[in-house]
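The next block holds one structure in the form of structure tokens; read it before the comments.
This chain uses plain numbering: 1 for the first residue, then up along the sequence. Just follow the structure's listing: the first ligand is 1, and inside any ligand the first atom is 1.
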Amino acid sequence: MRERQGKRGLFKRFSDSRFAWDVVQGPVYNRLIGGAASELYERFVDSVSPPEGSRLLDIGCGPGHICLMLAVKHPTVSILGVDYSQTQVRAANRLREKQGITNCEFVRGDAMDLPFGDTSFETVISFASIKHWPDERRGLEEVRRVLVPGGSTLIEEADSAADYEDLQRFYQRFSAWWVYGRFMDFYLNSVVFGRSVSMKEAEALARASGFTDVSAEKVEGWPMFLLRFTR
Ligand SMILES: C[S@@+](CC[C@H](N)C(=O)[O-])C[C@H]1O[C@@H](n2cnc3c(N)ncnc32)[C@H](O)[C@@H]1O
């Protein structure tokens with residue numbers, strides 16, 4: 001288990017910036033992780049069950065894989081992916097056009113100040129994004145604002161308190177020959193897991209943001225947790 005290194009380091013602040021996602025992290029993440037994470041995406045998509053004809057928002061949608069998988073699986077649901085990186089929104093739109101999917105859109109917007117009215121969605125999801133938000137609690141309050149009463153949320157995130165074995169398996173799975181091993185180790189520790197929240201911290205943050213019906217579980221075999229709550 002790694003110790004959480006806090007939110008404030010200079011490298012962390014740079015790597016969480018929109019500029020970093022536009023120029024470096026977006027393209028690297030999308031090539032390295034996005035392509036290799038299909039098993040994880042499928043498991044997450046299977047846990048989401050939006051009502052027929054409802055509206056679903058994915059915050060920090062990145063290159064859009066999860067939204068597009070959900071759009072195919074739930075053709076009556078209107079899906080909206082939001083990300084603050086223009087590079088990511090462009091990548092997601094390209095993929096959507098390529099797949100010819102019509103019940104899904106991608107727009108630019110910040111999790112700290114979502115560009116949507118109150119009670120706009122029946123379901124809100126987010127995958128591997130909250131650890132990059134400068135203020136997780138504020139982001140969760142935004143989730144609460146845009147959800148309809150009774151609406152549900154599913155958040156999957158890297159667990160800063162993950163087992164060492166799960167972390168090792170994760171490193172090996174996502175390393176690539178063209179990425180220097182020590183850099184990958186530093187990156188995953190410093191930017192991903194070491195700076196993320198633990199499952200317990202995420203539960204507490206959801207409660208502090210006004211959600212009562214909060215539950216969390218470990219994703220078996222992965223250094224991730226799944227958090228669910230209802231407004
Ligand atoms: C690790 S990627 C995950 C992308 C996607 N959910 C996936 O699993 O493929 C994190 C994403 O969160 C986005 N992000 C980070 N901070 C954000 C913020 N404050 N508002 C909106 N998006 C943000 C980044 O641009 C990036 O695309």
Side-chain angles (χ1 to χ4, degrees), residues 7 12-48 56-71 79-96 99 104 106-116 121 123-143 145-146 153-160 170 173-174 184 187-197 205 219 222-227:
K7 298 286 288 177
K12 168 71 175 159
R13 268 187 287 155
F14 167 74
S15 64
D16 283 347
S17 69
R18 191 155 60 82
F19 173 78
W21 279 103
D22 273 340
V23 177
V24 208
Q25 283 206 110
V28 172
Y29 177 86
N30 299 352
R31 279 203 66 186
L32 195 61
I33 312 265
S38 56
E39 186 192 329
L40 208 49
Y41 287 160
E42 273 160 30
R43 285 169 79 145
F44 183 66
V45 164
D46 284 346
S47 349
V48 185
L56 179 146
L57 175 68
D58 179 4
I59 307 177
C61 62
H65 297 294
I66 289 171
C67 288
L68 295 169
M69 287 164 83
L70 282 166
I79 294 172
L80 189 58
V82 65
D83 200 291
Y84 76 169
S85 157
Q86 186 63 51
T87 302
Q88 297 294 61
V89 171
R90 272 204 216 110
N93 274 320
R94 270 199 301 273
L95 204 56
R96 178 180 61 88
Q99 296 183 11
C104 180
F106 297 102
V107 295
R108 212 173 129 189
D110 192 334
M112 298 298 96
D113 186 15
L114 291 172
F116 313 114
F121 302 94
T123 311
V124 174
I125 62 169
S126 187
F127 187 98
S129 186
I130 65 164
K131 64 180 165 305
H132 302 293
W133 302 353
D135 181 346
E136 296 106 336
R137 180 167 167 182
R138 174 160 175 185
L140 293 177
E141 284 166 357
E142 279 292 272
V143 169
R145 180 181 69 74
V146 301
T153 303
L154 253 99
I155 290 179
E156 188 159 324
E157 190 48 275
D159 187 352
S160 67
F170 188 89
R173 199 185 274 250
F174 293 109
M184 191 66 177
Y187 177 78
L188 286 173
N189 270 309
S190 304
V191 180
V192 183
F193 293 93
R195 307 280 187 182
S196 191
V197 286
L205 278 166
V219 179
W222 292 83
M224 313 284 289
F225 63 81
L226 185 65
L227 187 66

Which atoms of ligand 1 have any heavy atom of S85 under 4.0 Å away?
-> 25 (O)
Ligand 1 and Y41, any nitrogen or oxygen pair closer than 3.5 angstrom?
-> yes
Please state whether M112 comes within less than 4.0 angstrom of ligand 1, counting heavy atoms only.
-> no
Do the side chains of L68 and C104 get nearer than 4.5 Å, heavy atoms only?
-> yes
Which option, F127, W133, Y84, owns the non-hydrogen atom nearest atom 21 (C) of ligand 1?
-> Y84
Charged N to carboxylate O under 4.0 angstrom, R145 versus E142?
-> yes
May I ask you to list the atoms of ligand 1 that are less than 4.0 angstrom from any heavy atom of P63?
-> 9 (O)
Does the N or O separation between Q88 and ligand 1 drop below 3.5 Å for any pair?
-> yes
Measure the spacing between CD of E136 and OG of S126 and express it to the nearest 0.5 Å.
-> 11.0 Å
Would you check if L227 and I130 make a side-chain contact, meaning some heavy-atom pair closer than 4.5 Å?
-> no
Nearest heavy-atom neighbours spanning F121 and L56 | CD2-C, 3.8 Å
Could you tell me whether the side chains of R96 and N93 share a donor-acceptor contact shorter than 3.5 Å?
-> yes
Which ligand 1 atoms does D110 reach within 4.0 Å, using its non-hydrogen atoms?
-> 18 (C), 19 (N), 20 (N)
Of the choices S129, C67, P134, which has the non-hydrogen atom that lies closest to atom 12 (O) of ligand 1?
-> S129
Give the numbers and elements of all ligand 1 atoms closer than 4.0 Å to a heavy atom of H132.
-> 1 (C), 10 (C), 15 (C), 16 (N)
Atoms of ligand 1, numbered as shown, that sit under 4.0 Å from any heavy atom of A128 | 1 (C), 2 (S), 3 (C), 10 (C)
Report yes if some heavy atom in the side chain of V82 is under 4.5 Å from a heavy atom in the side chain of L80; otherwise report no.
-> no
Report yes or no: does a heavy atom of G109 sit under 4.0 Å from some atom of ligand 1?
-> yes
Over all atoms of both residues, closest heavy-atom pair of V197 and F225 | O-CE2, 3.5 Å
